[in-house]
Asks: 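Got a structure here, written out as structure tokens. Questions coming.
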Amino acid sequence: MKKRIFAAAGLAMIVVLAMAGMAYATLSGLSDSEIEARVKDLVSKMTLDEKIEQMHGSAKPANIIRGSFMSGIWDTAENKRLGIPALKCIDGPRGVGMKGATAFPVGMSRGASWNPELEKRIGEAMGYETRAMGANILLAPCINILRHPSWGRAQESYGEDPLVLGTLGSAFVVGTQKHVMACSKHYIANNIEGSRFSVNAVIDERTMREVYLPHFKMTVDAGVASVMSSYNDVNGFLAGQNQHIITDILKNEMGFKGFVISDWQNATDNTLLAANAGMDIEMPTGAHLGAPLKKAVEEGTVSQAVIDAAVTRILREKLSFITPDFSKGYDKSKVGGKEHAELAREAEQEGAVLLKNDNGALPLDKGKLKSILVLGKLADTPNTGDNGSSDVPASYVITPLAGIKAKLSQAGVPAPQVKVIYNNGADLESAKAAAKGADAVIIVAGMTSKDEREGGYGTGDRLNLNLHADEEKLIQAVAPETGRLIVIMEAGAAVLIENWMNDADAIVMAWYPGMEGGNALADLLFGEVNFSGKLPITFGKTLDQYPPFDIKAKEVKMEYFLGYRWFDHNNAEPRFPFGYGLSYTTYQYKNLKLDKKKVGKSGAVIASVDVTNTGNMAGEEIVELYVGYNGSKVERAKKDLRGFTRVALKPGETKTVSLPVKAESLAYYDVGSKSWVVEEIEYSVMVGPSSADKDLGLKGSFKVSGI
Ligand code: BGC
């Protein structure tokens, strides 16, 4: 039975459906059994040509010039005779890849919110815009786990932890699928741009199950309609032609009922391998699953059963999701409109991370300041991220400078208004002179799509993780001239800040903050909104603390230890640990309690902790729970994130936060028996505000034994 939660399916609806014998509704209103019957009937009526037409994109190979087709709808054929609609794909995941759509902050910023409820609303907004623009599938979320911050598309992902990726990815899927199909991508181990078309990712079975797949599984469980294969090889076979990962694991082991779609070029290169591995749709052309597939069926090298299985999967999702007049009633003025722009602003308010804040540098008090100097090219540059497939040509972008100016020109600012001076920082002497006279200096620095983006053939990745040399010089030159230096960084993943971090009083990680980014940053800088974001990735001190990264690599071994687990494993001290982020208030954690000392393998332990806002500003704290393994038979991470939640607290307020830990979430994958094993050992539980050992002072433990 399909697991789906749809728009109309509020609680009452679910009860009605359950009473009628259907646990879940579909967008089309058909029940699972009705869909299966109709699909069967259609397949029985289709000719081989009609079936194969369903299995590939309609673009002609000659029209495909990478880079020329951004922002548009990609389709497969419509079958008028049988009334089967075309698949119409649009890119995500920071917004819909069409002119005028809402540009949300990138996935990494939303990862930093650790907020699935917000991510669901973002998915819903993008799903709405996708449908209003005439498409029926959004090519998002991107849930590739971040192995290395150099990856050119790091910004599209939610970070380095499977639980964060899976929780946010499945929330996004549920939201999006209230309107259109979603697509979890790129399956799997897509984490280098330079050699993305050729690199062989070598992943052992345990690492695959525990590190690379849990988040895909979570989106499958959330009912995702489609999964996009990656371009790279996995253990010697193109991911898009890899029977083991597509059929054995995704379809059989995980129980995925939707269709697999190839990435856009080069993701399949062999008709027989692709079809027999379980690739259902080749995009954007039929180079391999078009005419050559028909020939293969006629010659008997691909069976009719393989074709029918693929077409069944495709039709199942089409009948579940696509209704006649699909976009009717969808209001185009909501695309990039006020409501979604406000959501984009809220997302950045929750996604920006305050990394440093000494001497009360922030928040800025607009009643007290007389002048602010805003420095750096990026302060005045619309910078929403990659210009590859994830690009969103929004109708406007509020830059940090524009956001700060707008904030200070609002009514109610005590006269005289704060003067905002802008200097692009190109001339150090003029920047220094301007800094001398200002009450606060804000430098915006970081990356653009020139530094990190979707690529291939040796391009796209960010090999130098520092800020640009001129930006570092600017920070160092200006620092002695001011008592209040705030650095705002824009980038898709970690930046190394050792060269200048002591020069800055405050540092903010803004990521690529979306079309409303400047407004959201101003809300945070002036303390109208409290910081609450926490890093979904580890910020190292030096490049050599990370695993090796080679953009020309032909083969890369995907390590079991990744992100904070890699740092822990190597006893490397990060600059900022995974899960770290400051706010304008302080929180105290007390009274960690576990509801039991012993639990069966199918049970759960509930951890509870009292969290108090001990400062004087309301805020939202992200509470993190990690587990450790005492006496495991196999090598384990020092700690694994196994629970998190956000809690809103007024000054002085205490709330008891409960975090359940299911025993089955503690299992390791046993390669010998090909099964998950929950060990009967003692597990430690650590709760606190970040993954740093010093932050995880609250500890408990429990044992697992019995069923
Ligand atoms: C990207 C995908 C994208 C597709 C369609 C590919 O090159 O890797 O993420 O969805 O193009 O634009």
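The basis for the numbers below is simple: all heavy atoms, side chains too, and nothing from hydrogens, waters or symmetry mates. Counting from 1, the numbers follow the sequence of the chain as shown. None of these values were measured; they are calculated from a predicted model. Atoms within a ligand are numbered from 1 in the order they appear, just like the ligands themselves.
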Asks: How about Glu129 and Tyr330: does a side-chain donor come under 3.5 Å of a side-chain acceptor?
Replies: no
Asks: Judged by atom type as modelled, is there a donor-acceptor pair below 3.5 Å linking the side chain of Thr176 to the main-chain atoms of Phe172?
Replies: yes
Asks: Identify, with sequence neighbours excluded, every residue that meets ring pair (Phe, Tyr, Trp, His ring centres under 6.0 Å) alongside Phe578.
Replies: Trp114, Tyr564
Asks: Can we say Glu454 and Arg196 salt-bridge, meaning some charged N sits less than 4.0 Å from an Asp/Glu carboxylate O?
Replies: yes
Asks: With only distance considered, is Trp74 within less than 3.5 Å of ligand 1 through an N or O on each side?
Replies: no
Asks: Looking at residues at least two apart in the chain, or sitting in another chain, which of them share a ring pair (Phe, Tyr, Trp, His ring centres under 6.0 Å) with Tyr457?
Replies: Phe197
Asks: Which ligand 1 atoms, with their elements, are less than 4.0 angstrom from a heavy-atom of Tyr231?
Replies: 6 (C), 7 (O), 8 (O)
Asks: Quick one: does ligand 1 sit under 4.0 Å from the side chain of Glu193, the backbone, both or neither, non-hydrogen atoms only?
Replies: neither
Asks: Which atoms of ligand 1 sit under 4.0 Å from any heavy atom of Glu454?
Replies: 1 (C), 6 (C), 7 (O), 8 (O)
Asks: Would you mind listing which atoms of ligand 1 come within a distance below 4.0 Å of any non-hydrogen atom of Arg196?
Replies: 7 (O), 8 (O)
Asks: Please lay out, stage by stage, how Glu253 and Lys217 fare under the test salt bridge (charged side-chain N to carboxylate O under 4.0 Å, His left out).
Replies: CA-CA 10 Å; Glu253 208 174 297; Lys217 167 84 168 102; over 6 Å; no
Asks: Do you see a donor-acceptor pair shorter than 3.5 Å between the side chains of Tyr231 and Asn266?
Replies: no
Asks: Give the atom numbers and elements of ligand 1 that come within less than 4.0 Å of a heavy atom of Ser389.
Replies: 1 (C), 2 (C), 3 (C), 9 (O), 12 (O)
Asks: By number and element, which atoms of ligand 1 are closer than 4.0 Å to a non-hydrogen atom of Lys185?
Replies: 2 (C), 3 (C), 9 (O), 10 (O)
Asks: Has Glu156 got any heavy atom lying under 4.0 angstrom from an atom of ligand 1?
Replies: no
Asks: Counting only heavy atoms, which portion of His186 has something under 4.0 Å from ligand 1: side chain, backbone, both, or neither?
Replies: side chain
Asks: Please compare Leu138, Asp263, Leu139, Asn190 and report which has the shortest non-hydrogen distance to atom 8 (O) of ligand 1.
Replies: Asp263
Asks: Does a side chain donor of either Tyr512 or Glu348 reach within less than 3.5 Å of an acceptor in the other side chain?
Replies: no
Asks: Say whether Arg153 and ligand 1 are in contact under the criterion: heavy-atom distance to a ligand atom below 4.0 Å.
Replies: yes
Asks: Backbone or side chain, does any N or O of Trp264 fall under 3.5 Å from an N or O of ligand 1?
Replies: no
